[in-house]
Amino acid sequence: MKYAYSKVIIAAASLCVLVSPNALAFGDEGHKIVAGIAYVHLDGPVRKKIDGLLASDKDTLTTPDFMARATWADKYRDSDRRSTKERYNATHLWHFVDIETDSPDIDKACNNHPALPTNTVASAGDPNDCVLDKIEQFTSELKDPSTKKAEKILALKFIMHFVGDIHQPLHSADHSDRGGNSVPVLYRNKTVPDNLHAYWDTELVKRLGSDPKTVATSLGSTISKSQIRDWSKGTVADWATESFQLAKDVAYNFSGETTKADDHGTDAMYLDAAYDSRALPVVKTQLSKAGIRLAKILNESLK
């Protein structure tokens, strides 16, 4: 029952109108946790540069502190989602890489990595870019001393968010279900279905604690020096591939799960304690890895 869609996919149509593709990786709480872990691991001079850049940023979509700015890319994307959709259409595909579980091809998922046109800033890049390419483009801008300050601030805020995105397994995988958005799920005493993507974005993260700063401190205190060393290795593509495998092995693994009828009498996958016992350790580790890897990118880019 690893990919048990035959009964539950019927309910997906009602969810599709409610949730956009791959929305809100880890939610605000998760992104703040990632940022909280990363901030502790920033080199002193780098932290000072970042604090200065964010302090000079007049954007009001979030407060200017490091943890809040990690949520900015979602706020920017959604700021005109129900009106002109200019920002939404320009950036919403940047948040994920849909590597198909049945035929994984990371290059295909990234549209074969279209090059950023000459003299084009990353924030004005191709709307069809994937999250891997955007992280690399914005990282190059952070490293380049000739990048204008306004663009450097945008690059910083996008990177702070996108590194968290690729560590949510369902932002790096797809099973022809919009990264789990079209898979209705029930849990605990719910009768109105949620969807699998949102379950990983927010529900599992909320179970770690109500205060992102406290959770970040708690998770950060368990990270060893050897883990920092090991997690700092590899490329962004390696990290996305790692998340993809976790999606296959854990997020989409419904072994032993059953279905229940929702409030409309339609079957949805019921995620029980056994599922959570597999999923929660993954969420903890992925948040921790994202924090360490975000710090690595920022330390190397702004040293």
Side-chain angles (χ1 to χ4, degrees), residues 19-39 50 53-54 56-98 110 116 121-142 147 149-168 170-172 179 181 197-198 200-202 205 212 216 236 239-240 243 286-287 290-291 293-295 297-298 301-302:
V19 185
S20 68
N22 295 38
L24 303 177
F26 279 139
D28 283 357
E29 294 85 358
H31 283 288
K32 288 180 178 180
I33 292 167
V34 170
I37 293 170
Y39 195 74
I50 289 173
L53 285 171
L54 295 182
S56 67
D57 183 14
K58 304 305 179 184
D59 185 283
T60 59
L61 288 175
T62 73
T63 55
D65 59 283
F66 189 81
M67 289 180 68
R69 285 305 195 204
T71 72
W72 176 88
D74 277 342
K75 303 294 188 290
Y76 180 83
R77 177 199 62 198
D78 293 337
S79 60
D80 64 358
R81 185 173 184 165
R82 302 190 184 281
S83 56
T84 63
K85 288 195 173 183
E86 290 180 8
R87 293 177 173 182
Y88 179 80
N89 289 336
T91 66
H92 81 278
L93 296 180
W94 293 357
H95 290 250
F96 56 90
V97 52
D98 274 346
C110 283
L116 189 66
V121 294
S123 62
D126 191 330
N128 294 308
D129 283 344
C130 74
V131 66
L132 308 187
D133 293 337
K134 296 316 297 183
I135 291 174
E136 292 181 356
Q137 292 169 13
F138 285 123
T139 298
S140 294
E141 288 187 333
L142 272 190
T147 302
K149 185 177 182 180
E151 179 66 14
K152 188 159 287 193
I153 290 172
L154 288 174
L156 172 61
K157 292 189 293 185
F158 275 119
I159 289 171
M160 289 167 61
H161 187 87
F162 290 161
V163 172
D165 278 345
I166 64 167
H167 285 81
Q168 205 275 53
L170 293 173
H171 269 248
S172 293
N181 272 297
H197 190 100
W200 278 78
D201 274 352
T202 57
V205 176
V236 176
W239 304 341
S243 290
Q286 289 300 98
L287 290 169
R293 290 165 174 171
L294 174 57
I297 289 175
L298 296 179
S301 300
L302 293 169

What residue among Gln286, Gln168, His167, His171 forms side-chain hydrogen bond (donor to acceptor under 3.5 Å, both in side chains) with Ser243?
-> Gln286
Please identify each residue that fulfils side chain to side chain donor-acceptor pair (under 3.5 Å) with Thr62, with sequence neighbours left out.
-> Arg69
Any side-chain donor near an acceptor of the partner, Ser123 and Glu151, under 3.5 Å | yes
Do the side chains of Cys110 and Val97 get nearer than 4.5 Å, heavy atoms only?
-> yes
Does the pair Asp201 and Leu170 meet the rule for a side-chain contact (heavy atoms from CB on, under 4.5 Å), with working shown?
-> CA-CA 9 Å; Asp201 274 352; Leu170 293 173; over 6 Å; no
Under-4.0 Å salt bridge between Arg87 and Asp80 | no
Please tell me if the side chains of Pro127 and Thr91 come closer than 4.5 Å, counting only heavy atoms from C-beta onward.
-> no
Taken to the nearest 0.5 Å, the spacing of Lys32 NZ from Glu29 CD works out to 7.0 Å
Nearest heavy-atom approach of Ala38 to Ala295 is O-CB, 3.6 Å
Between CG of Leu302 and CG of Leu53, what distance do you get to the nearest 0.5 Å?
-> 7.0 Å
Say you draw a straight line from CG of Leu116 to CD of Glu136; how long is it, rounded to the nearest 0.5 Å?
-> 12.0 Å
Can you find a heavy atom in the side chain of Cys130 that is under 4.5 Å from one in the side chain of Leu93?
-> no
side-chain contact (heavy atoms from CB on, under 4.5 Å) between Ile297 and Leu142: does it pass, once the steps are laid out?
-> CA-CA 10 Å; Ile297 289 175; Leu142 272 190; 5.6 Å; no
All heavy atoms of Trp94 vs all of Ala122, minimum pair found to be CH2-O, 3.6 Å
Mind running side-chain contact (heavy atoms from CB on, under 4.5 Å) on Val205 and Phe26 for me, showing each step along the way?
-> CA-CA 7 Å; Val205 176; Phe26 279 139; 3.8 Å; yes
Going by the side chain to side chain contact (heavy atoms under 4.5 Å, CB included) test, name the single residue among Asp57, Ile50, Asp59, Thr147 that passes it with Ile153.
-> Asp57
With a 3.5 Å cut-off and no angle check, do the side chains of Asp165 and His31 form a donor-acceptor pair?
-> yes
Can you find a heavy atom in the side chain of Tyr39 that is under 4.5 Å from one in the side chain of Met67?
-> no
Flag side-chain contact, heavy atom, 4.5 Å: Lys134 against Ile159 | no
Find out whether Leu154 and Trp72 are in side-chain contact, i.e. whether some heavy atom of one side chain is under 4.5 Å from a heavy atom of the other.
-> yes
Gap separating the CG atom of Asp126 from the CG atom of Asp133, nearest 0.5 angstrom = 9.5 Å
Which atom names give the shortest non-hydrogen contact between Ala240 and Ser172, and what distance separates them?
-> O-CB, 3.5 Å
For the atom pair CG (Leu61) and NZ (Lys157), what is the distance rounded to the nearest 0.5 Å?
-> 7.0 Å
So do the side chains of Tyr76 and Tyr88 get within less than 4.5 Å of each other, counting heavy atoms only?
-> no
Check against side-chain contact (heavy atoms from CB on, under 4.5 Å), Lys75 and Asp28 = CA-CA 10 Å; Lys75 303 294 188 290; Asp28 283 357; 2.8 Å; yes
Residues passing the ring pair (Phe, Tyr, Trp, His ring centres under 6.0 Å) test with Phe162, sequence neighbours excluded, are His95, Phe158
Atom OG of Ser56 and atom NZ of Lys152: how far apart are they, to the nearest 0.5 Å?
-> 11.5 Å
Taking all non-hydrogen atoms of both residues, which atom of Ala68 and which atom of Thr63 are closest, and how far apart?
-> CB-OG1, 3.1 Å
Sub-4.5 Å side-chain heavy-atom contact between Met160 and Thr71 | no
Main-chain N/O of Gly27 paired to Thr202 side chain as donor or acceptor, under 3.5 Å | no
